[in-house]
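Reading through the structure tokens given below for one structure.
Per chain, numbering begins at 1; letters A, B, ... match sequence-line order.
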Amino acid sequence: MSKIVTRFPPSPTGHLHIGGARTALFNWLYARHNQGTFILRIEDTDTERSTREMTDSILEAMDWLGLDWDEGPYFQSRRFALYQEQIEALLQSGRAYYCRCTPEEVEAMRQEARQKGEKPKYNGRCRDLDLGPGPGRVVRLKAPLSGQTVFQDLIKGANAVDNRELDDFILRRADNTPTYNLAVVVDDALMGITCILRGDDHISNTPKQVMLYQALGFALPDFGHVPMILGPDKKRLSKRHGAMSVLEYREQGYLPEALINYLVRLGWSHGDQELFEPKELVDKFSLNNLGKSACIFNLEKLDWVNSQHIKNKQPAELAGALLSRLHKKGLPEIDRGYAEKIVPLLQPRVRTLEQLAEQATFFALPDQDLDYDRELLENYFTVEIKGYLQELLAELKRLDEFSQSGLEDLVAGFLKERGIKFKLLAQPIRIALTGKKASPGLFETMEVLGRERVTNRLSRVLEMLDANRISSGKVGDSYGI
RNA sequence: GUCCCCAUCGUCUAGCCCGGUCCAGGACACCGGCCUUUCACGCCGGCGACGGGGGUUCAAAUCCCCCUGGGGACGCCA
């Protein structure tokens with residue numbers, strides 16, 4: 001088998017979105033799995049809408065996803081000479097011709113066809129006029145008028161279109177720039193692309209491209225049209241459906257491997273397996289397991305996949321992300337070692353890195369900045385509990401080994417001596433230490449916080465309660481900052 | 001409108017190619033329960049689908065046809 005060459009050809013008219021990322025992923029996987037070559041090509045023939053900014057954004061997204069390319073990025077805008085050459089060749093051989101019809105005239109033809117119940121198309125008025133170049137003139141392909149154009153689709157199987165359905169489409173615009181269909185075919189052929197995997201919204205212009213391959217005398221590559229990703233309303237994925245750009249997912253705290261995992265499972269499967277690491281995908285990927293039907297993007301499932309990948313990470317791998325997100329939230333710096341101890345407590349509890357940062361906030365906040373909700377204090381701290389906490393505080397200060405097991409032992413003894421249940425004290429302690437009703441396990445939280453924070457927070461709450469006489473039913477105006 | 005593509009739980013899917021092992025399996029979500037110091041995680045259980053109609057066959061989710069439904073394309077965008 002000859003070497004497989006795939007490509008991903010985004011147009012820099014927008015960010016890399018979910019659908020594009022999946023297409024890129026399939027091409028990348030197919031190339032990697034077969035030890036082939038993966039090429040990145042920027043399709044910027046639409047000089048009006050293409051921007052440098054979007055190119056950079058796309059490259060950044062590819063990079064973040066880990067979809068590395070072997071060649072490129074090539075820019076079509078720098079390859080115009082190549083396209084002109086091929087167009088000239090087509091003109092020479094009589095397979096293309098100049099057309100002087102205006103856009104308005106063509107539009108009228110389309111209207112007419114539509115009214116006759118036919119497919120809207122150019123009617124070939126200039127086809128046999130043998131026109132030469134001139135201002136405002138475009139170049140059209142002299143497409144076959146009868147017969148069928150057929151191709152074998154790697155995913156959907158045989159595909160045939162009656163040539164009467166197609167028209168003499170434009171190869172070169174009036175401003176002399178090549179159109180998409182011409183440029184892709186020339187590039188794919190010249191770059192030696194052996195397999196084109198793309199969204200199935202392209203399936204209906206594949207016959208046009210096949211005609212071009214034939215007119216140009218190039219060998220046909222394999223085509224594979226992957227089903228589209230739809231929004232929850234079954235419409236084409238768009239901004240209405242929330243985040244579109246891959247970079248927005250990064251922003252929201254998704255791991256690149258999780259996004260990849262989720263995306264690949266949209267249309268592809270490997271038995272009942274749900275979770276994959278990128279390396280594993282390269283190994284297991286095959287076109288045979290690709291589905292044919294469109295699928296709907298489901299954020300809940302992505303969240304779950306992300307949570308699973310978060311759980312499987314080494315804490316050290318997540319610490320950096322935690323640090324930078326905390327920093328972005330304007331929280332004071334904490335050291336890396338501390339962050340690495342916080343992470344494992346939160347790993348099973350978060351679905352995104354953003355949630356990781358949110359839930360880590362109480363760890364990072366200086367003791368005196370921890371805010372307490374007035375109602376929590378009112379509801380959870382009775383005089384009795386306050387008393388116990390005073391006593392516990394004293395013991396905590398004296399504890400030799402301030403570790404999870406040391407703490408557990410200490411508290412167990414404390415409870416036993418007084419004949420009370422842990423349930424009585426757990427929530428009050430939790431609230432005092434974290435300011436919240438939900439947190440990781442108390443003993444592990446205490447160990448990570450360390451003696452100083454634990455005792456500070458406890459005494460601060462006790463003082464606040466005293467100052468405001470909350471436990472006796474009288475309350476002050478504010479607690480904490 | 002015309003052409004093309006597609007069709008298993010709400011969603012992602014296994015099974016379909018090579019008909020019987022499928023009164024259809026897994027996952028997300030949802031609902032119960034267990035675990036438990038809270039919240040999660042985890043574990044156990046539940047709900048839930050072969051779009052409809054015709055064939056072919058002893059037998060169809062699996063093969064064929066029609067219908068319906070959904071999507072896409074019909075650009076001097078890509």
Side-chain angles (χ1 to χ4, degrees), chain A residues 9-14 43-46 48-50 76 99 101-103 106-107 110 113-121 136-140 153 155-157 159-162 164-167 169-181 183-184 198-207 225 227-228 230 232 234-236 262 265-275 288-289 291-305 307 311 345-351 359 411 421-427 429-431 434 436-443 445:
Chain A
S11 170
T13 53
E43 307 221 322
D44 54 353
T45 53
D46 182 351
E48 292 283 296
R49 300 192 304 144
S50 298
Q76 289 192 323
C99 166
C101 298
T102 65
V106 176
E107 184 46 38
R110 282 199 262 265
R114 205 184 285 264
Q115 273 176 2
K116 282 195 286 188
E118 288 169 11
K119 193 167 199 169
K121 52 184 192 178
R137 292 185 183 177
V138 299
V139 174
R140 288 180 183 275
D153 192 288
I155 294 163
K156 312 235 186 202
N159 202 299
V161 171
D162 198 311
R164 280 170 299 197
E165 294 296 328
L166 274 19
D167 66 355
F169 57 94
I170 294 176
L171 304 179
R172 186 167 75 195
R173 304 180 185 107
D175 66 0
N176 282 326
T177 56
T179 58
Y180 160 74
N181 281 119
V184 252
R198 66 211 326 187
D200 71 10
D201 50 334
H202 274 101
I203 203 163
S204 53
N205 61 42
T206 303
H225 289 93
M228 312 251 306
L230 272 22
K234 291 192 159 205
K235 294 281 179 234
R236 210 189 164 114
Y262 176 69
R265 282 285 292 110
L266 235 37
W268 179 84
S269 61
H270 187 262
D272 285 339
Q273 188 173 348
E274 295 287 350
L275 269 11
N288 299 334
N289 309 316
K292 297 183 190 180
S293 48
C295 45
I296 293 172
F297 188 81
N298 182 248
L299 196 63
E300 274 91 49
K301 180 97 179 241
L302 203 214
D303 280 346
W304 176 77
V305 172
S307 76
K311 267 193 264 301
L345 304 200
L346 264 16
Q347 270 173 301
R349 284 161 235 271
V350 301
R351 289 161 96 84
Q359 294 194 30
V411 171
K421 296 265 195 221
F422 186 43
K423 247 188 161 60
L424 185 68
L425 264 25
Q427 283 305 71
I429 295 174
R430 185 184 319 279
I431 289 163
T434 71
K436 301 186 302 176
K437 281 196 290 187
S439 81
L442 264 188
F443 299 111
T445 299

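- Remark on RNA chain B: of its neighbouring residues A/Glu43 and A/Phe443, the 5'-side contact belongs to A/Phe443, judged by nearest-heavy-atom nucleotide.
- The phosphate of B/rA29 (OP1 or OP2) has a side-chain N or O of A/Arg351 nearer than 4.0 angstrom.
- For A/Asn205 and B/rG72, the CG to P distance is 15 Å, given to the nearest whole Å.
- The side chain of A/Thr179 lies closest to B/rA78, out of B/rC39, B/rA78, B/rC4.
- Pair assignment for B/rG19: none, as no Watson-Crick or G-U wobble contacts are both less than 3.5 Å.
- Nucleotide B/rA73 is matched to B/rU2 when pairs are restricted to Watson-Crick or G-U wobble geometry with both distances under 3.5 angstrom.
- Atoms CH2 (A/Trp304) and P (B/rA27) sit 8 Å apart, rounded to a whole Å.
- Environment of CZ in A/Arg349: crowded, with over 12 heavy atoms of neighbouring residues, nucleotides or ligands closer than 6.0 Å.
- The A/Glu274 side chain lies nearest to B/rG26 when the options are B/rU37, B/rG26, B/rC76.
- At B/rG26, none of the side-chain N or O atoms of A/Arg265 fall inside 4.0 Å of OP1 or OP2 (strictly under the cut-off).
- The base of B/rC39 lies close enough to the side chain of A/Arg349 for a donor and an acceptor atom to sit less than 3.5 Å apart.
- Between A/Asn289 atom CG and B/rC16 atom C1' there is a gap of 14 Å when expressed in whole angstrom units.
- Across every strand in view, B/rU56 sits unpaired, with no contact that passes the Watson-Crick or G-U test at under 3.5 angstrom.
- When each of A/Leu302 and A/Lys235 is assigned the nucleotide of RNA chain B bearing its nearest heavy atom, the one mapping closer to the 5' terminus is A/Leu302.
- OP1 or OP2 of B/rG75 lies within a sub-4.0 Å distance of a side-chain N or O belonging to A/Arg110.
- Lacking a ring centre under 5.5 Å from that of the base six-membered ring together with a plane angle below 30°, A/His270 does not count as stacked on B/rA14.
- For the C1' atoms, the distance linking B/rG51 with B/rA73 amounts to 25 Å, nearest Å.
- Here the nucleotide nearest the side chain of A/Ser204, chosen from B/rA78, B/rU38, B/rA73, is B/rA73.
- Among the atoms of the strands shown, only primed sugar atoms or phosphate atoms (P, OP1, OP2) are found under 4.0 Å from some heavy atom of A/Ser293.
- Pair assignment for B/rU37 gives none, since no Watson-Crick or G-U wobble pairing has each distance under 3.5 Å.
- Taking a 6.0 Å sphere around NZ of A/Lys437, one finds it holds 12 or fewer heavy atoms contributed by other residues, nucleotides or ligands.
- A/Asp272 contributes a side-chain N or O that forms a donor-acceptor pair with the base of B/rG25 under 3.5 Å.
- For B/rG53 and B/rA60, the P atoms lie 14 Å apart once the distance is rounded to whole Å.
- When each of B/rC12, B/rC6, B/rA78 is scored by its nearest atom to the side-chain atoms of A/Lys301, the top-ranked nucleotide is B/rC12.
- With B/rA78, B/rU2, B/rU38 as the choices, the nucleotide that has an atom nearest any side-chain atom of A/Glu165 turns out to be B/rU2.
- To the nearest angstrom, C1' of B/rA61 lies 15 Å from NZ of A/Lys292.
- Looking at the side chain of A/Thr45, the nearest of the listed nucleotides B/rA78, B/rA14, B/rG71 is B/rA78.
- When the P atom is compared between B/rC66 and B/rA27, the two are found 38 Å apart, to the nearest whole Å.
- Of the nucleotides present, none pairs with B/rC47 by Watson-Crick or G-U wobble criteria with both distances under 3.5 Å.
- Considering only the side chain of A/Lys119, B/rA73 comes nearest among B/rC76, B/rU11, B/rA73.
- Look at A/Ser269 and you'll find a side-chain N or O under 4.0 angstrom from OP1 or OP2 of B/rA14.
- In this structure, of B/rC76, B/rU38, B/rG72, it is B/rG72 that holds the atom nearest to the side chain of A/Arg236.
- With P as the reference atom, B/rA61 and B/rA49 are 15 Å apart, rounded to whole Å.
- Here A/Lys121 does not reach the OP1 or OP2 of B/rG75: none of its side-chain N or O atoms lies under 4.0 Å away.
- At the heavy-atom level, A/Gly291 lies nowhere under 4.0 Å from the strands shown.
- With B/rU37, B/rC12, B/rC6 as the candidates, the nucleotide lying closest to the side chain of A/Cys295 is B/rC12.
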